[in-house]
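Input: a single structure, listed below in C-alpha cells.
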There are 2 protein chains.
Amino acid sequence: MNKKATRRQQILQAAIEIFGRSNFDDTSISEIARRAGVAEGTIYQYFKNKQDLFFSIPREKTKTFSAQLDLYLKGVTDAREKIRKFAWYYLHFFRTNPDYARSLMLEMRVSKAFARSGSYKGVKRFMSQALAILKEGQEQGVIRQDLDLYLSRHLLLGALEHVVTRWLLKGEKEDIMLCHEQLSDLILNGVAIHSGNGSARTTGKPIGKNRENGPGRS
Amino acid sequence: MNKKATRRQQILQAAIEIFGRSNFDDTSISEIARRAGVAEGTIYQYFKNKQDLFFSIPREKTKTFSAQLDLYLKGVTDAREKIRKFAWYYLHFFRTNPDYARSLMLEMRVSKAFARSGSYKGVKRFMSQALAILKEGQEQGVIRQDLDLYLSRHLLLGALEHVVTRWLLKGEKEDIMLCHEQLSDLILNGVAIHSGNGSARTTGKPIGKNRENGPGRS
DNA sequence: ATAATAATTGAATGACGTTCAAATTATATA
DNA sequence: TATATAATTTGAACGTCATTCAATTATTAT
C-alpha cells in the first residue's frame with residue numbers, strides 16, 4: 001500500500017506551502033493540518049514532531065538540486081568554468097526557489113539539529129560535488145596545488161551563502177544573478193592585484209567601476 | 001538615577017549567561033529571572049519581550065569588537081596585511097567568545113528581526129570597517145580597481161562566517177585559528193593558478209599538503 | 001509622617017506543540 | 001454478507017511558556 005506514502009506527501013506538501021509563507025516559529029501545526037485537510041494528531045502519525053516535518057522538506061529539493069547541477073556541469077571541461085557554472089546555478093536555484101531559500105538558508109543551515117537530521121545527507125552530497133570540482137581543478141593544473149581543498153570550499157560556499165543570505169534578509173529585492181560573474185572571478189582570483197597584470201581576470205570581458213552590479217551595499 | 005541602568009544590566013548579564021548555555025528557544029524567561037534574582041514581570045519593565053532582551057546582548061559586544069579591531073589594525077599599513085589581520089582577529093574573537101558566537105552566528109545573523117533591531121547598528125559599524133580596508137587597498141593600488149567593493153566584502157565576510165559557522169555546528173572541536181593564514185591567502189589570491197607563479201602567495205612561508213590544518217572536512 | 005509615584009511581584013491568560021483514549025475506517029475471516 | 005480484528009484518524013485535554021496586569025512593596029517628595 002502506498003496509501004501511507006500519499007498521505008505523508010499530502011501533509012508534506014501542505015507544510016511546504018505554509019512554512020514557505022513564513023518561518024518555523026510563526027507557523028503552527030494547526031495551520032498545516034487545516035491546509036492538508038487532516039486533524040493535528042494525524043501529522044504525528046507521519047512525522048515525529050514539528051521540527052521533523054520541517055526538516056523533511058529538503059529531502060526531495062536537495063535531490064533535484066544535485067541532479068540539475070550535474071546536468072548543468074555536463075560538457076564543461078575546465079574546472080574554472082565549472083566553478084563559474086556552479087556559482088551561476090547556485091544563485092539561479094535560490095532565486096527560483098525563494099521560499100525554500102528562506103527556510104534552508106536562514107533556519108536549517110544554522111541548526112545543529114538539522115546537521116544531525118537525515119535530510120542533511122542531501123546537503124552533504126551537494127558539498128561533495130563542490131569538493132570534486134576543486135579536486136578536478138588541481139588534477140587539471142588550474143587550481144592551486146598548495147590549497148587545503150576543504151578550506152577552498154569554505155571560500156566558495158561561504159561567499160555564495162553570504163550573498164544569498166544578505167539578499168534574503170533585504171527582502172529579495174535586487175536581481176541576485178547580476179553578481180554572478182564578478183563573484184566567480186573573486187573566488188578564482190581573489191581581491192588582490194597580482195604580479196603580472198592588474199586584475200588577473202581570465203574572461204576577456206572588462207568589468208565597469210563599482211556599484212553597477214551585484215546585491216547592494218551591506 | 002542609574003538605578004534603572006543597573007537593574008537593566010543585571011538582567012542583561014543573566015540573559016547573557018543563560019542564553020549562552022543554550023539557544024533562544026530552549027531558554028526560558030523564568031530561568032533568566034531566577035538567575036537575575038527578579039520576578040519574571042520585572043524583565044518586561046526593562047525589555048519589550050524575550051527577543052528584545054536577546055537582541056540586546058550584542059550592543060556592548062559589537063562595540064568592544066570594533067574597538068579592539070581598530071587597535072589591532074593600528075600600525076599596519078599595507079591593506080593586504082590589514083585583511084590578514086582582520087581575518088585573524090575575526091577568528092580569534094569568536095574562538096574567545098564561543099557562547100556569543102553561537103548566538104550571533106547561528107541565530108541573530110540570519111534573523112530579519114535582528115537586522116531591523118537597534119543592535120544591528122553595531123554589526124553595520126563592523127561591516128563598514130571591512131569596507132574601509134578594501135577601499136584603502138584600492139587607493140594603495142594593492143586591491144584590484146575593477147572590483148565592486150561590496151561584493152569583495154561578501155567574499156571576505158562570507159568565507160569567515162562560513163568557517164566559524166561550520167566550526168560551531170561541529171561542536172567547536174578543532175582550533176579555528178589554524179586556518180587563518182591560508183584563508184587570508186585565499187581571499188587575497190583566490191583558488192586559481194595565476195599566470196606567473198604557481199601559487200601567488202605573498203608571504204614567504206610554504207604551506208604543506210592538504211589536511212594538515214584548518215577546520216576539518218565538510 | 002504622609003501622600004504620591006515608581007518599581008516589583010507572581011498568579012492568571014492565551015497560544016501552541018504534543019498526547020491519547022475514543023471513534024471511524026479498512027481489512028481479514030467464516 | 002456478517003463479524004472480528006487491525007489500522008487510521010480524530011480533537012479534546014495536557015503541559016509549557018511568553019506575556020500581562022491588578023495588587024503589593026519600595027522610593028521619593030512635601
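So you know, we letter chains A, B, ... as the sequences are listed, proteins then strands, and number each from 1. Please read these numbers as outputs of a predicted model, since none were measured by experiment.
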Could you give the [atom1]-to-[atom2] distance, from [X] to [N], as a whole number of Å?
X: A:Glu40; N: C:dC20; atom1: CD; atom2: P; result: 16 Å
X: B:Asn49; N: C:dA15; atom1: CG; atom2: P; result: 17 Å
X: B:Asp26; N: D:dT16; atom1: CG; atom2: P; result: 15 Å
X: B:Arg8; N: C:dT8; atom1: CZ; atom2: C1'; result: 18 Å
X: A:Asp25; N: C:dC16; atom1: CG; atom2: P; result: 11 Å
X: A:Ile32; N: C:dG17; atom1: CD1; atom2: P; result: 8 Å
X: B:Ile43; N: D:dC21; atom1: CD1; atom2: P; result: 18 Å
X: B:Leu53; N: D:dT19; atom1: CG; atom2: P; result: 10 Å

From the list [options], which nucleotide is the closest neighbour of the side chain of [X]?
X: B:Arg7; options: D:dT10, C:dT8, D:dT8; answer: C:dT8
X: A:Tyr46; options: D:dT9, D:dT10, C:dG17; answer: D:dT9
X: A:Ala39; options: C:dT9, C:dT18, D:dT10; answer: D:dT10
X: B:Thr42; options: D:dA18, C:dA7, C:dT9; answer: C:dT9
X: B:Tyr44; options: D:dT8, C:dT9, D:dT19; answer: D:dT19
X: A:Gln45; options: C:dG17, D:dT9, D:dC17; answer: D:dT9
X: B:Ile29; options: D:dA18, D:dT8, C:dT9; answer: D:dA18

Review point. Checking ring-ring contact (aromatic ring centres under 6.0 Å, His included) against B:Tyr72, which of B:Tyr90, B:Phe86, B:Phe93, B:Tyr89 comes through?
Key: B:Tyr89

Practice item. Could you tell me whether A:Glu81 and A:Arg84 make a salt bridge, using a distance below 4.0 angstrom between a side-chain N and a carboxylate O? Key: yes

**Study point:** B:Lys61 side, atom NZ; B:Asp99 side, atom CG - distance, nearest 0.5 Å
**Key:** 8.5 Å

Check your understanding: Got a second to check how far B:His92's NE2 is from B:Asn97's CG, nearest 0.5 Å?
Key -> 8.5 Å

Practice item. Return yes if a side-chain donor-acceptor contact under 3.5 Å exists between B:Arg109 and B:Thr165, otherwise no. Key: yes

